[in-house]
Every structure is written in structure tokens, then in C-alpha cells.
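Okay, structure first, notes after.
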Amino acid sequence: MIITLKRIFCKGTFTLGALQIQTESNKEFLTNRYFCDTLEPHAIDWRREEKVAGKTAIPTGRYRVVMSYSKTYKRRMPFLQNVPHFTGIMIHTGNSVDDTRGCILVGKAVRPQKPEEENPSGEATVIGRLTDSRITFNRLYELIREAMKKGEEVEVIVK
């Protein structure tokens with residue numbers, strides 16, 4: 001299973017992205033298909049900026065996923081392995097950047113409801129929050145679990 005996280009918007013303290021999934025058993029159906037939105041801390045240019053503990057997104061790259069016990073969630077969770085400069089990076093639930101210290105949150109990005117919430121330039125305001133995080137996480141968790149049960153390796157590619 002390949003989970004691709006494409007970062008699409010970085011503003012101030014947060015980074016929004018889109019998650020796509022491809023599984024070995026169902027390449028046609030899930031290839032390049034949007035699955036959910038993501039929320040991470042601020043993504044930096046690692047060549048020019050330094051990590052700020054708890055406020056920096058992980059570097060782009062390809063990471064193997066394993067299920068390990070989380071003391072925080074008191075259950076098995078998907079952990080990314082060998083992330084440079086980080087330990088304990090998970091995919092988990094949350095609604096705001098305050099809910100992550102480098103981890104990847106999943107859900108639906110909150111979008112403005114009214115036209116007056118647009119900027120004078122006409123572009124929609126981007127809000128750094130997620131909804132439906134538990135529902136989205138549970139769906140993703142089951143897909144990861146099923147892939148692993150079938151013997152598939154699970155990887156996350158962050159672009």
C-alpha cells in the first residue's frame with residue numbers, strides 16, 4: 001500500500017495536504033484517488049531553516065509504516081519509521097495544529113461557508129482546521145490494517 005501525502009498549502013503555523021492511497025490488491029480503484037485532507041505543523045525548507053520542536057512538519061520523503069502500541073492512544077497506531085530529525089511520528093486524529101507535534105492528522109479541511117469570508121483578492125480563506133477526523137482515521141486505519149494482514153508493506157510518501 002502506498003499512501004501519498006501531497007502538501008498543497010502552507011500558511012503560518014500549519015500545512016494542509018491531500019492524501020491519496022494505492023493498494024497492491026486494488027491499484028485501479030485507488031490509484032491517484034483523493035482519500036482525505038491532512039494537517040501538519042509548518043513545513044520548512046530543510047536546507048535553509050531549522051526544526052522548531054513541536055512546530056515543524058516532517059521532511060519530504062518515503063517512510064515505512066508499522067503498527068505499534070501508542071501510550072497516548074492506548075492502542076496500536078500507524079507509526080512512520082526512520083523519519084530524519086523525528087521520533088514517534090504517527091498518523092492520528094486531531095482538528096487543529098495544536099493536536100500535532102509533527103504527526104500527520106487526517107480528516108476534512110474546514111472551508112469557509114460564506115462568500116464574504118473570501119479575501120479581497122477573491123481567493124477563499126484557508127482555515128487550518130479539520131473535521132471528521134475520527135471517521136477518516138478509522139477508515140484509513142482499517143485500510144492499513146487490511147493491507148498488512150495481506151502481507152503488503154505500507155509506505156507513506158510525503159511530497
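Worth saying up front: this structure is predicted, and the values here are computed from it rather than measured.
- When side chains are defined from C-beta on, Leu105 does not count as touching Thr38, because their heavy atoms never get closer than 4.5 Å.
- For the atom pair CD1 of Ile91 and SG of Cys103, the computed distance is 9.5 Å after rounding to the nearest 0.5 Å.
- Other residues, nucleotides and ligands place more than 12 heavy atoms under 6.0 Å from the CD atom of Glu142.
- Between Ile104 and Leu80, the closest side-chain pair of non-hydrogen atoms falls below 4.5 Å.
- For the atom pair CG (Leu130) and OG1 (Thr93), the distance works out to 10.0 Å, reported to the nearest 0.5 Å.
- By the 6.0 Å and 45° rule, Lys55 does not stack over the aromatic ring of Phe14.
- Of the possible polar contacts, none joining the Glu152 side chain to the Met148 backbone as a donor-acceptor pair under 3.5 Å is found.
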Starting from the C-alpha separation in whole Å, work towards a yes-or-no answer on side-chain contact (heavy atoms from CB on, under 4.5 Å) for Glu40 and Leu5. CA-CA 11 Å; Glu40 301 174 88; Leu5 187 169; 3.8 Å; yes

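- Residues Thr4 and Leu19 have side chains not in contact (no heavy-atom distance under 4.5 Å, counting atoms from C-beta outward).
- Side-chain contact between Tyr63 and Asn82 is absent, with no heavy atoms from C-beta onward closer than 4.5 Å.
- Thr136 and Asp132 make their closest contact through OG1-O, 2.7 Å (heavy atoms, listed as atom of the first residue, atom of the second, distance).
- Under a cutoff of 6.0 Å and an axis angle of 45°, Arg139 and Phe35 form a cation-pi pair.
- Within the 4.5 Å cutoff, the side chain of Pro59 has heavy atoms near those of the Phe86 side chain.
- Looking at Thr56, its side chain never comes within 3.5 Å of a backbone N or O of Lys51 through a donor-acceptor pair.
- Under the 3.5 Å distance criterion, the side-chain polar atoms of Asp37 are matched with a main-chain donor or acceptor of Ala109.
- Under the 4.0 Å criterion applied to side-chain N and carboxylate O atoms, Glu155 and Arg62 are assigned as salt-bridge partners.
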Working for side-chain contact (heavy atoms from CB on, under 4.5 Å), residues His42 and Cys10: CA-CA 7 Å; His42 177 70; Cys10 187; 3.3 Å; yes

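- Scanning all heavy atoms of the two residues, the minimum distance from Met90 to Phe79 falls at CG-CE2, 3.4 Å.
- Criterion: ILVMFWY side-chain heavy atoms under 4.5 Å apart, direct or through other members. Under it, Trp46 and Val83 are part of a common hydrophobic cluster.
- When atom types are taken as modelled, the side chain of Ser133 and the backbone of Val106 share a donor-acceptor pair closer than 3.5 angstrom.
- Heavy-atom minimum distance, Gly107 versus Cys36: O-CB, 3.5 Å.
- With values rounded to the nearest 0.5 angstrom, Leu16 atom CG is found 14.0 Å from Lys6 atom NZ.
- Considering CG of Asn95 and CZ of Arg134, their distance stands at 8.5 Å, rounded to 0.5 Å.
- Surrounding CZ of Arg145 are more than 12 heavy atoms belonging to other residues, nucleotides or ligands, all under 6.0 Å away.
- In this structure, Ile21 and Met1 approach most closely via the heavy-atom pair CG2-CE, 3.7 Å.
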Let me see the working for Phe137 and His92 under ring-ring contact (aromatic ring centres under 6.0 Å, His included), right down to the final yes or no. CA-CA 6 Å; Phe137 174 78; His92 64 82; 7.9 Å; no

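- Atoms CD1 and CD, on Ile157 and Gln20 in that order, are 10.0 Å from each other to the nearest 0.5 Å.
- Inter-residue side-chain proximity for Thr60 and Arg7 is flagged as met; some heavy-atom pair is nearer than 4.5 Å.
- Stacking of Arg75 on the aromatic ring of Tyr141 is recorded, both the 6.0 Å distance cut-off and the 45° axial limit being met.
- Under a 3.5 Å cut-off, the side chain of Thr15 and the backbone N or O of Ala43 do form a donor-acceptor pair.
- Without hydrogens or angle criteria, Asn138 side chain to Ile135 main chain gives no donor-acceptor distance under 3.5 Å.
- To the nearest 0.5 Å, the span separating CD1 on Ile2 from CD on Glu153 amounts to 8.5 Å.
- Between Val65 and Pro78 there is a side-chain heavy-atom pair separated by less than 4.5 Å.
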